[in-house]
Each structure stands twice: as C-alpha cells, then as structure tokens.
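Per chain, numbering begins at 1; letters A, B, ... match sequence-line order. Side-chain atoms are counted along with the backbone in the values below, which use heavy atoms only and exclude waters and symmetry mates.
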Protein chains: 2
Amino acid sequence: MRQFLAITGALADEGRVRTLLALHRRELCVCQITELLKLATSTVSKHISILRHAGLVEVRKDGRWIYCRLSDRQPSAMARQAMQWVQTSLQRDPRARDDQKRLKAILKEDPEDICRRQMGKSPCCSSARETPAAAR
Amino acid sequence: MRQFLAITGALADEGRVRTLLALHRRELCVCQITELLKLATSTVSKHISILRHAGLVEVRKDGRWIYCRLSDRQPSAMARQAMQWVQTSLQRDPRARDDQKRLKAILKEDPEDICRRQMGKSPCCSSARETPAAAR
DNA sequence: AATATAGTTCGTCGGTTGGCGAAATAACGA
DNA sequence: TCGTTATTTCGCCAACCGACGAACTATATT
C-alpha cells in the first residue's frame, strides 16, 4: 500500500506526468525537463525526487549533468503497470503531443545553452526570450 | 489529462483506495464503508464524491440508503485500466486483506444497526462500543 | 586555487486537502 | 404531518503540496 500510494501520489501532478511521458524511450537531463515544463529548477528537482522515490524514474550522473530515464532496471510490477497505464492513457493527449513536439526542438539545442539561458534569467513562462545580458 | 489527473488524484488517498478494493464484486452502502474505514460519515461522503467524479464509482439510491459500486456501466478505458491496476497491485496487500475479513463481519450485520450505532456516538476509531443510549 | 555551472536543499508562502461536527436535505414510518 | 434517519453540504482547522529564490554542494574549466 505504501508503494502504491507513493506511485499514485507521484502521478497526481501534471508536471510529473508530463515528465514521465517526455521520458518515454528517451533520456533527458534536468535542465531539458526544466525547459519543457517551464518551472524553476528547484521545483523540477523536487518533482524528479518524488518520481524516483516512487520507483518510476532512475538517474545517471555524467559530469555536471544528471540524466533521468524511466526505471527500466527491475521496476516493480506495480511501477511497470503504472507506466503502461500512463502511456496508453495519455499517448494521444493534446498536451503530451505538444510536449513531444517542443521536445524535439529542445533536443536540437545544446544542453549548455539551455542551462545558460536558465541561469541568466528565469521569469519563468516567458517564452519570448529576453536580452541574454548578464544578470546581476 | 484532466480525467487522468482526476483518477490519480482519487487514487492518492488510502481511504479511497481501500474503498475501491472493498467494492470489488460487491455493492456497499455508505454506512458500511464508513464502518469499514472508521471515519466520519461526512468524510466518507466526500471521498465517494471524489471517486464518482473520477468515474471510478457509481451510485444507486434505494430508499434512505445509497449504494456504491465500481463503475461497470461504460467506464472509460482509462478508468477500467486504473481499476485493474489497483486490483492486481493490492490484491495481496495486508491492509486490503484485513479489510476483506472485517467486511465479512460488517456484511453480516443489518445496515440499520450500523447506522444507528454511528449516529448514537462517533468518537470514531473506538472499536469498543458505548452504551447505545440516545444521544442529546 | 579560483571561477563557473548543474542540481539539491532549505525556508517561505499561498492554495489545496483531509478530517471533523453542525446544519441542511431527502426519504421513510407513524 | 411530524419525527426519524441516511447522506450531503457547509464551515472550520491543521497538515500537506507546489511553487519560488537563496544558499549550498559538487563537478568541470581556467
């Protein structure tokens, strides 16, 4: 029951669900997920931590970057079924579709650029970019 | 996405999950669920409302009683899969097992008695019963 | 060593949630 | 009709949650 509620709790937030869908057959670093969700880095970090504790996501460290992927090692039957449910339920969801599209653009960019942009300014949700002049 | 989050939200509470499990192949009236969960009637009522809005539970009115059952009419694929996931994930859960056992006792009782008991006193969670003297 | 940078942790704030009891509602029985 | 009773609605409170920015940590790069 404990683990089950950890999973349903993790799935009860749109940002986390979108993250899971974005990770379908793909590894993403935190800054890319941050870019996709347009949330503060700290918020995304917490979301990922919740997904990890639920056993839905695993993490790999490579230098300064942390890459996330769906738990493909030996996920519990519970987690595996949950992911299947998420996937089949939301494959055609408009929001998810749009994310996949935007993700393609994000993947074309150099992660370094993404991070630099995030540091430089983060009024969040301003899809129009400001002058990338140094902050402070 | 909307409906999906309604379902995961509904599943992110132990009482509601236990309710769903209790309703497996069975109809229960609100007072029986209240007895099982040992919560205030008003609380259980709200839980059931949430399960209904998520499309997981349906309700049938019979006189003064309201009977709940799993949505077997035409549940969305989403809801159907969710219920299957819940069921297979928690079939062997100790808590769920215990509930099934206690449920048998509850089903042997007359619903009227259960309700009377609940009205008479509700210090909740006091499994030892008080003198059923009239309240107020 | 000093600087820069990718993420995490911490503290805070506002909004939501789960719980309760009291009051309202609905439906039967006398 | 009047009370009884099964459930819902309302109003409240404490706990939790998601969001943020600031401060910290860890890992390059210079």
Side-chain angles (χ1 to χ4, degrees), chain A residues 5-6 8-19 28-35 37-53 57 59-68 110-126 134-136, chain B residues 5-6 8-19 28-35 37-53 59-68 110-126 132 134-136:
Chain A
L5 289 174
T8 54
L11 295 180
D13 175 272
E14 176 168 351
R16 290 194 289 265
V17 173
R18 286 171 63 201
T19 301
L28 293 173
C29 84
V30 177
C31 69
Q32 292 171 317
I33 297 170
T34 303
E35 183 70 12
L37 300 180
K38 298 218 183 287
L39 291 174
T41 328
S42 57
T43 305
V44 173
S45 178
K46 207 195 276 184
H47 280 322
I48 290 172
S49 155
I50 290 171
L51 290 170
R52 291 214 308 153
H53 276 102
V57 157
V59 138
R60 171 177 74 85
K61 204 166 182 178
D62 181 14
R64 270 170 302 180
W65 282 275
I66 293 193
Y67 287 93
C68 303
D110 186 342
E112 300 226 25
D113 290 342
I114 295 174
C115 286
R116 213 178 329 276
R117 209 186 322 142
Q118 284 169 6
M119 303 282 280
K121 213 45 246 289
S122 58
C124 172
C125 302
S126 75
R136 186 177 0 183
Chain B
L5 290 173
T8 54
L11 295 180
D13 174 272
E14 176 167 351
R16 289 193 290 263
V17 173
R18 287 171 62 201
T19 301
L28 293 174
C29 83
V30 178
C31 69
Q32 292 171 318
I33 297 171
T34 303
E35 183 70 11
L37 300 181
K38 297 214 184 287
L39 291 174
T41 328
S42 56
T43 305
V44 173
S45 178
K46 208 195 281 184
H47 281 322
I48 289 172
S49 156
I50 290 171
L51 289 170
R52 290 214 309 152
H53 276 102
V59 138
R60 172 177 73 85
K61 204 166 183 178
D62 181 15
R64 272 171 301 180
W65 282 273
I66 293 194
Y67 287 94
C68 303
D110 187 342
E112 300 226 23
D113 290 342
I114 295 174
C115 287
R116 213 179 330 275
R117 209 188 321 142
Q118 285 168 6
M119 303 283 282
K121 209 50 241 287
S122 57
C124 171
C125 301
S126 76
R136 187 175 357 175

Trainee: Less than 4.0 angstrom between a side-chain N/O of B/Ser42 and OP1 or OP2 of C/dG21, yes or no?
Mentor: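 No, B/Ser42 has no side-chain N/O under 4.0 Å of OP1/OP2 on C/dG21.
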
Trainee: NE2 of A/His53 versus C1' of D/dC17: gap in Å, rounded?
Mentor: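 Answer to the nearest Å: 16 Å.
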
Trainee: Rounded to the Å, how far apart are B/Gln32 CD and D/dT7 C1'?
Mentor: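 It is 14 Å, rounded to the nearest whole Å.
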
Trainee: Counting only side-chain nitrogens and oxygens, does A/Thr43 get under 4.0 Å of the OP1 or OP2 atom of D/dC20?
Mentor: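 Answer yes for this pair, as a side-chain N or O of A/Thr43 is under 4.0 Å from OP1 or OP2.
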
Trainee: A/Glu14 has an atom CD; how far is it from atom P of D/dG18, in whole Å?
Mentor: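 One finds 13 Å between P of D/dG18 and CD of A/Glu14, rounded.
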
Trainee: So which one's nearest nucleotide on DNA chain D is more toward 5', A/Asp62 or A/Ile50?
Mentor: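 The residue whose closest nucleotide sits nearer the 5' end is A/Ile50.
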
Trainee: What nucleotide, of D/dT27, D/dT8, C/dG7, holds the atom closest to the side chain of B/Thr41?
Mentor: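 The nucleotide sitting nearest to the side chain is D/dT8.
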
Trainee: Show the nearest heavy-atom pair for residues A/Ala40 and A/Thr34, with the distance to one decimal.
Mentor: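 Of all heavy-atom pairs spanning A/Ala40 and A/Thr34, the closest is C-CG2, 4.4 Å.
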
Trainee: Contact class for A/Lys46 (heavy atom, under 4.0 Å): base, sugar-phosphate, or nothing?
Mentor: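 Since a base atom lies under 4.0 Å of A/Lys46, the category is base.
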
Trainee: Which whole-number value in Å describes the distance from A/Lys38 NZ to D/dC20 P?
Mentor: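 Spelled out: NZ on A/Lys38 to P on D/dC20 is 12 Å.
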
Trainee: Is the phosphate of C/dG19 approached by B/His47 (side-chain N or O, under 4.0 Å from OP1 or OP2)?
Mentor: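 For C/dG19, OP1 or OP2 has a side-chain N or O of B/His47 closer than 4.0 Å.
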
Trainee: What is the distance, to the nearest angstrom, from the CD1 atom on B/Ile66 to the P atom on C/dA26?
Mentor: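 About 11 Å, once rounded to whole Å.
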
Trainee: Quick one: does any side-chain atom of B/Thr19 pair with a main-chain N or O of B/Gly15 as donor and acceptor, under 3.5 Å?
Mentor: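 Side chain of B/Thr19 to backbone of B/Gly15: a pair is present.
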
Trainee: Starting at atom CG of A/Leu39, determine the distance to atom C1' of D/dG18, rounded to an integer number of angstrom.
Mentor: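 Result: 9 Å.
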
Trainee: Indicate the atoms forming the closest heavy-atom contact of A/Ala12 with B/Thr8, along with that distance.
Mentor: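 Shortest heavy-atom separation between A/Ala12 and B/Thr8 comes out as CA-OG1, 3.4 Å.
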
Trainee: Kindly compute the distance separating CD1 (A/Ile66) from CD1 (A/Ile48), expressed to the nearest 0.5 Å.
Mentor: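 Reported value, rounded in 0.5 Å steps: 8.5 Å.
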
Trainee: Nearest to the side chain of B/Arg64, which nucleotide is it out of D/dA19, C/dG18, C/dA27?
Mentor: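 Ranking D/dA19, C/dG18, C/dA27 by closest atom to the B/Arg64 side chain puts C/dA27 first.
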
Trainee: Quick check on D/dG18: is either OP1 or OP2 less than 4.0 Å from any side-chain nitrogen or oxygen of A/Arg16?
Mentor: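 Yes, A/Arg16 has a side-chain N/O under 4.0 Å of OP1/OP2 on D/dG18.
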
Trainee: What are the two closest heavy atoms between A/Leu5 and B/Val17, and how far apart are they?
Mentor: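 That closest heavy-atom pairing would be CD2-CG2, 4.2 Å.
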
Trainee: To the nearest angstrom, how far is B/Asp13 atom CG from D/dC16 atom C1'?
Mentor: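 Those two atoms, CG and C1', are 12 Å apart.
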
Trainee: Rounded to the nearest Å, what distance is computed from the CG atom of residue B/Leu51 to the P atom of nucleotide D/dT8?
Mentor: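 Roughly 12 Å, once rounded to whole Å.
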
Trainee: On a plain distance test, is the side chain of A/Ser45 in donor-acceptor contact with the base of C/dG7 below 3.5 Å?
Mentor: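 Check fails, no donor-acceptor contact within cut-off.
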
